[in-house]
Amino acid sequence: YFYNPCRECYTPDYDPLKCDDCGGTIIVGLNPLNRDQTLCNKCGKEFVLYKLTYDRLCINDKTGWIVPVVNRKEYRNE
């Protein structure tokens with residue numbers, strides 16, 4: 001896994017990881033009091049980053065959030 005600029009990830013080739021409970025986006029750094037937490041942006045469920053299956057970590061330069069993404073073609077077996 002590696003970091004890369006978000007403009008490469010937010011293309012039709014990648015989808016952000018979604019929460020199993022509510023369908024929200026899983027984001028690292030959403031909580032300003034604990035930037036190491038990995039949370040769902042809708043329900044607030046906490047995830048352990050190293051237990052998630054993702055292809056890349058994309059950084060939003062404006063917010064500092066890190067979003068794990070999956071390759072759309074590989075994930076959906078297209």
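Just so you know, residue 1 is the first one in the sequence shown, and it goes up from there.
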- Message: Between the side chains of K45 and D21, is the shortest nitrogen-to-carboxylate-oxygen separation below 4.0 Å, so that they form an ion pair?
- Response: yes
- Message: Rounded at 0.5 Å granularity, tell me how far CD1 in I27 sits from CZ in F47.
- Response: 11.0 Å
- For Y54 and L49, what are the C-alpha separation, side-chain angles and deciding distance, and is it a side chain to side chain contact (heavy atoms under 4.5 Å, CB included)? CA-CA 9 Å; Y54 56 90; L49 185 61; 4.0 Å; yes
- Which heavy atom of C58 sits nearest a heavy atom of V69, and at what distance? SG-CG2, 3.7 Å
- Going from CG on L39 to CG on N34, what distance comes out if it is rounded to the nearest 0.5 angstrom? 8.0 Å
- Message: I'd like to know whether I26 forms a side chain to side chain contact (heavy atoms under 4.5 Å, CB included) with T38, so could you lay out the CA-CA distance, the side-chain angles of the two residues, the decisive distance to 0.1 Å, and finally the verdict.
- Response: CA-CA 7 Å; I26 297 173; T38 304; 3.4 Å; yes
- Kindly give the heavy-atom pair with the smallest separation between K18 and G23, and that separation in Å. CD-O, 3.3 Å
- Message: Is a donor from one side chain sitting under 3.5 angstrom from an acceptor on the other, for R56 and Y14?
- Response: yes
- Item | Gap between atom OG1 of T25 and atom CG of N41 - 0.5 Å precision | 4.5 Å
- If we only count heavy atoms from C-beta on, is the C43 to C19 side-chain gap below 4.5 Å? yes
- Message: With a 3.5 Å distance limit and no angle check, can you tell me whether D15 reaches the backbone of V70 through a side-chain donor-acceptor pair?
- Response: no
